[in-house]
Amino acid sequence: MPELPEVETIRIGLAKLLPDREIADVWHDWQKSFPNAPADVARFMIGAKIKLVRRRAKVLIIELSSEYSLVIHLKMTGQLVLRGKQSFGAGHPTKSLVGELPDKSTRVILDFTDGSKLFFNDQRKFGWMRLLPSVEVPLIDFMQKVGPEPLEDDFTVDRFIERLARRKNSPIKAVLLDQTVLAGVGNIYADESLWAAKIHPSTPVSKVSKPKLVTLYSALRDILKLSIEKGGSTDRNFVDAKGKEGSYLNFAQVFRKAGQPCPRCGTEIVKIRVAGRGTHICPRCQRAPK
DNA sequence: CACTTGACCTGTCCGC
DNA sequence: TGCGGACAGGTCAAGT
């Protein structure tokens with residue numbers, strides 16, 4: 001569920017909150033969430049300060065003063081929430097999806113010397129954290145294979161079309177979700193952008209007209225940007241670095257709207273299955289390929 | 001090689 | 001009220 005806008009929302013929050021905090025201790029309880037804890041933790045985390053927080057695709061990178069970095073993938077249900085009076089003054093959110101922390105989904109806790117704590121929660125345990133030398137981050141398999149950032153200035157419509165053409169016989173939705181083609185798009189933004197461009201998600205890329213691909217390019221970028229402005233989509237349990245929900249789904253047109261009228265033509269939105277994913281379409285605006 | 005399906009997990013919801 | 005089963009969907013490994 002955390003897709004590009006959700007991970008970016010967390011990054012913006014952490015980039016404001018974390019720098020210069022010094023790690024005092026690290027706790028973890030799920031080995032798969034943090035496979036190189038605790039061996040490397042004492043040497044490269046305790047006593048280190050947070051330098052900066054970056055994002056690439058759906059991955060967060062927290063750089064430490066020890067020249068090691070935490071690389072974090074939240075997968076579907078991961079959360080990164082900072083708590084502590086130092087960070088929020090008197091009134092941090094009391095009612096929200098996240099209550100008292102730690103809770104039963106807490107997998108890792110970073111304790112800082114000022115008393116604040118960063119909680120890595122992950123109900124379904126798909127997420128992970130890795131500690132590795134900062135210089136090695138760009139060399140890991142994921143970074144080598146991941147496609148371009150769709151919101152970068154140099155990501156042009158021609159580049160977009162050229163990337164999609166790498167898998168021209170696949171359903172276009174599957175291609176949008178392919179992280180080696182394009183970074184950061186997941187189920188929500190694939191459905192929303194395909195609806196905006198009036199493209200049926202099962203259409204092979206080679207069968208989609210050039211004008212529709214151009215529309216898809218603009219729609220996808222606009223939707224990703226709007227979602228970042230709205231703090232991302234809270235479908236089930238996404239929250240930002242302060243534990244707050246995002247509001248983009250109030251602006252969504254088709255995602256999770258089966259049975260409701262298409263905002264464009266009034267036809268009932270239906271849920272189908274494409275590329276093994278639940279997929280929301282307007283059957284009139286997005287006609288199936290022959 | 002291109003493409004699809006299954007596994008990894010847990011919480012929630014639906015029907016009986 | 002309890003219980004089995006489907007479902008949620010990011011990514012990688014395994015299968016066709």
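Below, chain A is the first sequence line, B the second, and so on; all start at residue 1.
Pairing for dG9(C) is absent, judged as Watson-Crick or G-U wobble with the two contacts each under 3.5 Å.
Within a 6.0 Å sphere centred on CD of Glu100(A), other residues, nucleotides and ligands contribute 12 heavy atoms or fewer.
Distances shorter than 4.0 Å separate some side-chain N or O of His73(A) from OP1 or OP2 on dT11(C). Contact annotation: Lys75(A) does not reach the phosphate of dC8(B) (side-chain N/O to OP1 or OP2, under 4.0 Å). Checking the phosphate oxygens (OP1, OP2) of dC3(B), a side-chain nitrogen or oxygen of Asn169(A) falls inside 4.0 Å. Between dG11(B) and Gln123(A), no contact under 4.0 Å exists linking OP1 or OP2 to a side-chain N or O. Contact annotation: Arg107(A) does not reach the phosphate of dC9(B) (side-chain N/O to OP1 or OP2, under 4.0 Å).
Nucleic acid contact for Arg166(A): none, since no nucleic acid atom lies under 4.0 Å from a heavy atom of the residue. Among the atoms of the strands shown, only primed sugar atoms or phosphate atoms (P, OP1, OP2) are found under 4.0 Å from some heavy atom of Arg273(A). Using a 4.0 Å heavy-atom cutoff across all strands shown, Gly186(A) reaches sugar-phosphate atoms only and no base atom. Counting any heavy atom pair closer than 4.0 Å across all strands shown, Lys125(A) reaches sugar-phosphate atoms only and no base atom.
With dT11(C), dG9(C), dG11(B) as the choices, the nucleotide that has an atom nearest any side-chain atom of Lys104(A) turns out to be dG11(B). Listed nucleotides dT10(B), dC3(B), dG10(C) differ in distance to Leu177(A); the shortest reach to its side chain belongs to dG10(C). Distances were taken from every side-chain heavy atom of Phe142(A) (C-beta onward) to each of dC3(B), dC12(C), dG11(B); the shortest belongs to dC12(C). In this structure, the nucleotide among dG11(B), dC9(B), dT4(B) sitting nearest to the side chain of Phe126(A) is dC9(B).
Side-chain contact of Ser105(A) with Asp122(A): a donor-acceptor pair under 3.5 Å is absent, judged by distance alone. Counted by atom type alone, Ser233(A) and Asp235(A) present zero donor-acceptor pairs between their side chains at under 3.5 Å.
The nearest whole Å value for the distance from the CG atom in Asp178(A) to the P atom in dT11(C) is 10 Å. Between the C1' atom of dC7(C) and the CZ atom of Arg277(A) lies a distance of 12 Å, rounded to the nearest Å.
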